[in-house]
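In what follows, chains carry the letters A, B, and so on, assigned in the order in which the sequence lines appear, proteins first and then strands, with residues in each chain numbered from 1.
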Amino acid sequence: MNLNALWEYANPLKFMRTTERALPYFAVAAVVCLVTGLVWGFFFTPDDFRQGSTVKIFYIHVPSAMMAINIWVMMLITSLVWIVRRHHVSALAARAAAPIGAVMTVIALATGAIWGQPMWGTWWAWDPRLTSFLILFLFYLGYIALWEAIEDDDTAADLTAVLCLVGSVFAILSRYAVNFWNQGLHQGASLSLDKQENVADVFWYPALVSIAGFVLLFIALVIIRTNTEIRARRMRALLARERLG
Amino acid sequence: MSALLIRDLRLAMRAGGGFGLGLAFFLIVVTLVPFGVGPETGLLARIAPGILWLGALLACLLSLDRILALDWEDGSLDLLATSPLPLEGIVTMKALAHWITTGLPLVIASPLFGVLMSLPGAGYGPLVLSLLLGTPALSVIGTFGAALTVGLKRGGLLLSLLVLPLYVPTLIFGAEMARRGAEGADPTTPMLMLAGISAGVIALLPFASAAVLRVNLR
């Protein structure tokens, strides 16, 4: 495949046409995957012998936590594209993704707390993973607040892109600093591809479907929000032109 | 560059409160803590390193928006940007001036505040050393935040929201080093990490600060 063809989508018109045609497929696939994954996970998997039915929060907790991190990575990439090639769609996609990422972080923290109350006996512990997720949430908040605070679109895109780059470095630093600061309560990764000790297959397949559903949902939401941003900006431009003419 | 540094220091001194304000704020924080948690010596000694680090961090945060805002308002920042000096050098000098006016006094005064917080005897050396190593990083990171928000009318609150998450690694290693020192443990590992963060931040972050400042001056 010719990768250069990808840059065609930097044209807002081309981007909107293509994504709008693709949007229904993503949306339907997201709903199908989420419903299948969650119903399968909630009602057709056995209870864990120690955790009982609380284990089922896993089908929301793990995908949302994965998305919270991956959305930040996506914002990092789109910010880089904006800085290097100055495609507006890229900057707008980063802007569109940030609130979704913040919500995913909150979902991961909330479901974790709900699971932690019966299992660990506490809603919250200053465990490295929990703490770094809280810090990630603060990064999302700062990023969104900076976008909202600046009036000029290009200035805002530039400043938030640099903040995203610097923030990524500090987020990773914090992740390992927090590890150093306190040993954890949270279990290790349960879905690694390269490890022997993963969750059993009965839990693994519905979890995979649910993760796919979260990814598709994110794609559909980002398409909607990016196109809204493009339209809003176009409307502002038209209004400005009318006032001049 | 040294002329710029001397100018900034002179401005800070003559404008009043440049040197003293951060220190006074630090003193107030340290005075208020025992009212909040009770005057038991044992408890105070245990939380002393953390409180002293937090106080230093907040005192630093308080003066961040002064780094660039005054020069932005009267236009001298535009003059500096058009001068032959590289913008990276200018923001470094601004950060250095901020450190000399707020960080350095805190480092020098910290043993005194340690006495107020009944810090154990072994803790003074590591505390002073950790602040000496860590406060430059706080100033440089803060300058980045100040450069991001310099054009905004009410940037102060946003500045804290942006800068505080960036302070997390510095605070963790700084407070950990001071705590280990106070407990008589070996503070070498956090000390090396803290020094690494400071060195990395001083070397790299001025480029980001200069980049955002260029955008803001556009």
Side-chain angles (χ1 to χ4, degrees), chain A residues 72 76 79-80 82-84 86 91 98 101-102 105 126-128 130-183, chain B residues 50 53 134 137 140-141 143-177 179-180 189-194 196-198 200-201 203-218:
Chain A
W72 187 274
L76 174 66
S79 299
L80 267 176
W82 161 252
I83 289 179
V84 176
R86 313 213 60 87
T105 320
W126 288 99
D127 159 277
L130 275 63
T131 314
S132 34
F133 250 71
L134 194 60
I135 296 169
L136 180 66
F137 180 61
L138 292 178
F139 274 112
Y140 271 121
L141 280 189
Y143 181 88
I144 298 168
L146 190 62
W147 259 113
E148 297 302 321
I150 302 168
E151 275 161 31
D152 184 72
D153 287 328
D154 280 4
T155 310
D158 277 329
L159 295 184
T160 49
V162 177
L163 177 68
C164 185
L165 299 190
V166 174
S168 306
V169 175
F170 276 89
I172 293 169
L173 258 180
S174 308
R175 174 76 183 89
Y176 290 99
V178 165
N179 253 348
F180 177 85
W181 162 76
N182 192 358
Q183 293 311 310
Chain B
W53 251 92
V140 173
I141 297 170
T143 310
F144 172 67
L148 266 178
T149 54
V150 72
L152 298 171
K153 286 195 189 62
R154 284 181 301 279
L157 208 56
L158 181 63
L159 178 64
S160 350
L161 180 61
L162 295 178
V163 164
L164 283 178
L166 301 178
Y167 276 170
V168 169
T170 321
L171 175 65
I172 287 178
F173 289 119
E176 179 74 12
M177 179 183 168
R179 191 184 64 80
R180 287 198 185 178
T189 317
M191 182 182 82
L192 292 178
M193 300 296 273
L194 184 66
I197 287 177
S198 282
V201 156
L204 297 175
L205 212 52
F207 292 99
S209 313
V212 290
L213 204 53
R214 254 181 223 119
V215 172
N216 267 328
L217 288 171
R218 203 161 50 192

Under 4.5 Å from a heavy atom of chain A, the part of [X] involved:
X        : value
B:Leu164 : neither
B:Ile172 : side chain
B:Phe144 : side chain
B:Val163 : neither
B:Leu152 : side chain

Fill in the blank from the handout: In this structure, CZ of B:Arg180 is separated from CZ of B:Phe173 (nearest 0.5 Å) by 9.5 Å
Fill in the blank from the handout: Here the gap from B:Thr143 atom OG1 to B:Leu205 atom CG, rounded to the nearest 0.5 Å, amounts to 8.5 Å
Exercise for the section: State whether the number of non-hydrogen atoms from other residues, nucleotides or ligands found under 6.0 Å of B:Leu192 atom CG is greater than 12. Expected result: yes
Handout entry: A:Val169 vs B:Leu204 side-chain heavy atoms within contact, under 4.5 Å
Key = no
Exercise for the section: Check A:Phe139, A:Phe137, A:Phe133 against A:Ile135 for a side-chain contact (heavy atoms from CB on, under 4.5 Å) and give me the one that passes. Expected result: A:Phe139
